[in-house]
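The block underneath contains the structure these notes are about, expressed in structure tokens.
These figures come from a predicted structure and were not determined experimentally.
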Amino acid sequence: MAVRLPPKGGLEGGFYFFSMKHYLKKLEETIHGRWDQKALCDFGGDSFTYADLATNIEQFGCFLNDAGISKGHKMAICARNSARWAMTFWAVNVNGCVAVPLLADFHPSSVASFTHHSDSVVLFTDEDIWAKLRVEDMPVLRAAVCVKDGRLLWHRDKAVATAWENRGKSFNKRWPQGLKPEQVSFPTDNSADLAIINYTSGTTGNPKGVMLTYGAISDTDHFSNTHFPNQPGETIVSMLPMAHMYGLAIEFIHPNIDGVTVYFLGKTPSPTTLLKAMQEVKPYMVVTVPLVMEKVYANSIRPALEKMKVLLAVPGVNKMIYKTVRKKILEAFGGQVRCFIMGGAALKPEVEQCFCKMRLPFTVGYGMTEACPLLGWEWWTEFVPGSCGKPVHEIRIVSDDPQNTAGEIQARGSNLTVGYYKNPEANAAAFTEDGWFRTGDLGTMDADGNIFIRGRIKSMILNSSGQNIYPEELEAVLTGCTYVGEALVVERKGKIVALVYPEIPDDLDEETRDALPELIRVAANKSLPAYSKINKVVLMDQPFEKTPKMSIKRFLYK
């Protein structure tokens, strides 16, 4: 039995390309009306106006024409976040080539492998990344360009090199009087065309090239504008990897096409740098992963509340305290934040409960690269704690009792991938016979349509008595225990083992340190049913390795 939730508006399958505005049309209109406004900035560094962006896009078009590179050719971008990264993406995307964003912290062998597998003819990268690559591993590649300054790092094809070096001259020849706002025109007849190939780096250790169309990007922007709109002239701080669809679509494309100035932090910022940027930029929205907000809670909120533990027990007084803490948190983030949007992983229950008591404007969404990236979302005032929002389009839970018994979450909608690049086996496994995308996630959905994720199908443990055990549920209990920073539950020789990276105070005595594994195990088991009690706790010396969205790479710890 499968329960199906119809999309808002009642349109079958959630497909409504004709009722939405193409995202490149919106970018075009913003360029027309906000020519001299800052579009893309490096925090504390370079900045580019929408006029600069339009000129760069047109110069890139001249390069493609002179180099004989046609629409549909692939171009990889592997560099650290920056305004120039964003400029490069827009140049590739608007001119009809397929952007292949690659994470800057991918292993060099993976960068080369994905560049080659995607058939990319040009690689835009950082100089130090290029120095670690072997050109013989990328036989299709015709040139490599430095994102930071536009220098040609290497070329196999003289025509491509010449066209790149002369793109400014070609632009001046085409626009001798300079490009004017009203002359900017972008293609919008390409909704079914491939726009992005995004190589996932998920928790399974088997990256695949996710193919996303221009229509899928338009769909995501349409939903975003309907549910968390932005306003021209506002600002946002980009801190997520641009090579991941969460950061690319929600933190960059959606705001930037509407006239929001995007500030890039570059590398992962320290808490001090992040808050400095927030204070100066004053973003209207913060898009982040739970780990960032959990650190804010652990380093600032929890210590402050613990000092007022006695007062928090007094009715009325506790409300005033939470209200004051809320105000200070919002001020720390610039004072203009309408919503903190978190995704990529679950928020620790302890942190979520505190945020709810504070009435912090936060919500936790549900998504994946294959959904460009949204599958579930709800505005913070309607968000149900423990859930990950309501379906963006259609969601069904394949279960005899979807409200109470977890089943696979399957999705359908115009934001979904058209498949995996050159991977027919993965394509065959990804979709059901009736056209639903198999997420691989297990979940339930209540009568109001709120989605509750239980875990991954591949992670589920089946014990000797036939009971389904969801590691993620045990991990949520563990992370609520004293001294637990991160936790991962695995099955080893038929036993449930919890791997824990602890948070140990400097003043903790040696006897308690030695007893930590058993203390944690006993504390967690008090909240667990008999069939899923933890048999052993193993302390880890280092934090777990994570994906860009800060999910633990489970495959490394089997």
Side-chain angles (χ1 to χ4, degrees), residues 38-49 52-64 67 69 73-95 97-108 110-112 114-116 118 120-135 138 141-157 160-161 163-168 171 195-199 238-245 247-248 251-253 256 262-269 548:
K38 288 181 180 179
L40 302 162
C41 305
D42 291 321
F43 179 66
D46 296 328
S47 64
F48 302 93
T49 64
D52 296 327
L53 176 57
T55 299
N56 187 66
I57 290 170
E58 187 60 37
Q59 284 187 355
F60 198 86
C62 293
F63 153 67
L64 295 176
I69 298 175
H73 272 87
K74 286 78 178 178
M75 297 195 172
I77 310 172
C78 183
R80 295 168 187 83
N81 280 16
S82 69
R84 285 183 170 83
W85 193 110
M87 294 272 281
T88 302
F89 173 84
W90 279 133
V92 172
N93 182 250
V94 172
N95 281 290
C97 290
V98 180
V100 184
L102 301 174
L103 289 161
D105 56 1
F106 271 153
H107 189 277
S110 295
V111 174
F114 298 151
T115 299
H116 176 61
S118 65
S120 291
V121 295
V122 180
L123 169 63
F124 295 90
T125 188
D126 291 334
E127 193 168 15
D128 62 321
I129 294 175
W130 175 252
K132 299 172 185 175
L133 304 181
R134 300 180 345 139
V135 293
M138 302 172 285
L141 196 67
R142 296 161 68 178
V145 175
C146 180
V147 168
K148 185 176 181 180
D149 54 21
R151 282 182 299 114
L152 197 65
L153 295 171
W154 168 88
H155 69 274
R156 180 179 276 125
D157 188 321
V160 171
W164 180 257
E165 298 292 4
N166 293 331
R167 67 193 186 283
F171 171 85
I196 295 172
I197 298 175
N198 195 197
Y199 283 87
S238 173
M239 68 179 94
L240 298 173
M242 291 278 280
H244 193 279
M245 281 310 303
L248 185 67
E251 206 176 40
F252 162 49
I253 293 177
N256 200 220
V262 182
Y263 286 81
F264 297 93
L265 296 183
K267 60 183 181 180
T268 304

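- In terms of heavy atoms, A79 sits closest to V147 at CB-CG2, 3.8 Å.
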Original post:
Would L248 and N198 count as a side-chain contact (heavy atoms from CB on, under 4.5 Å) if you check the C-alpha gap in whole Å, the side-chain angles of each, and the deciding distance to 0.1 Å?
Top reply: CA-CA 11 Å; L248 185 67; N198 195 197; over 6 Å; no
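- Partners of R167 by side chain to side chain donor-acceptor pair (under 3.5 Å), not counting sequence neighbours: none found.
- Here E58 pairs with R174, W175 under the side chain to side chain donor-acceptor pair (under 3.5 Å) rule; sequence neighbours left out.
- For the ring-ring contact (aromatic ring centres under 6.0 Å, His included) test, no residue two or more places apart in sequence or in another chain qualifies with F264.
- In terms of the side chain to side chain contact (heavy atoms under 4.5 Å, CB included) criterion, residue partners of R151 (sequence neighbours excluded) are, by chain and number, E127, C146, D149, L153.
- Of the N and O atoms on the side chains of T55 and D52, not one donor lies less than 3.5 Å from an acceptor on the other residue.
- Residues T115 and L102 are in side-chain contact: their nearest non-hydrogen atoms beyond the backbone lie under 4.5 Å apart.
- Atom CE in M138 sits 6.5 Å away from atom CG in L123 (nearest 0.5 Å).
- Applying the side chain to side chain donor-acceptor pair (under 3.5 Å) criterion to S118, with sequence neighbours excluded, gives S120.
- Between S47 and C41, the shortest heavy-atom contact is CB-SG, 3.5 Å.
- With sequence neighbours left out, the side chain to side chain contact (heavy atoms under 4.5 Å, CB included) criterion links A243 to P101, L103.
- With rounding to the nearest 0.5 angstrom, the CZ atom of F252 is 5.5 Å from the CG atom of L40.
- Under the salt bridge (charged side-chain N to carboxylate O under 4.0 Å, His left out) criterion, D126 pairs with R80, not counting sequence neighbours.
- Looking at L53 and M87, their side chains come closer than 4.5 Å, going by heavy atoms from C-beta outward.
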**OP:** Walk me through it: do V111 and F106 pass the test side-chain contact (heavy atoms from CB on, under 4.5 Å)?
**Re:** CA-CA 6 Å; V111 174; F106 271 153; 3.7 Å; yes
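- Of the inter-residue distances, the one linking C62 atom SG with F171 atom CZ reads 7.0 Å to the nearest 0.5 angstrom.
- Closest heavy-atom contact between C78 and I129: O-CD1, 3.7 Å.
- Residues passing the side chain to side chain contact (heavy atoms under 4.5 Å, CB included) test with N93, sequence neighbours excluded: Y23, L24, F89, W90, A195, Y214.
- M242 places none of its side-chain heavy atoms less than 4.5 Å from the side chain of E251.
- You'll find the side chain of H155 stays beyond 4.5 Å of the side chain of V160, heavy atoms only.
- Here F124 contributes atom CZ and I77 contributes atom CD1; the two are 7.0 Å apart, rounded to the nearest 0.5 Å.
- With contacts defined as side-chain heavy-atom distances shorter than 4.5 Å, the pair I57/N95 qualifies.
- Under the salt bridge (charged side-chain N to carboxylate O under 4.0 Å, His left out) criterion, D157 pairs with R142, sequence neighbours left out.
- Counting heavy atoms from C-beta on, the side chains of L64 and M75 come closer than 4.5 Å.
- Applying the side chain to side chain donor-acceptor pair (under 3.5 Å) criterion to R84, with sequence neighbours excluded, gives D46.
- Residues passing the ring-ring contact (aromatic ring centres under 6.0 Å, His included) test with F63 are F60, W164, sequence neighbours excluded.
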Original post:
What do the steps show when you test L265 against N81 for side-chain contact (heavy atoms from CB on, under 4.5 Å), and what is the final call?
Top reply: CA-CA 7 Å; L265 296 183; N81 280 16; over 6 Å; no
**OP:** Begin from the C-alpha positions of M245 and I196 and carry the test side-chain contact (heavy atoms from CB on, under 4.5 Å) through to its verdict.
**Re:** CA-CA 10 Å; M245 281 310 303; I196 295 172; 4.2 Å; yes
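- Using the six-membered ring where Trp is involved, W154 and W130 have ring planes that are tilted, between 30° and 60° apart.
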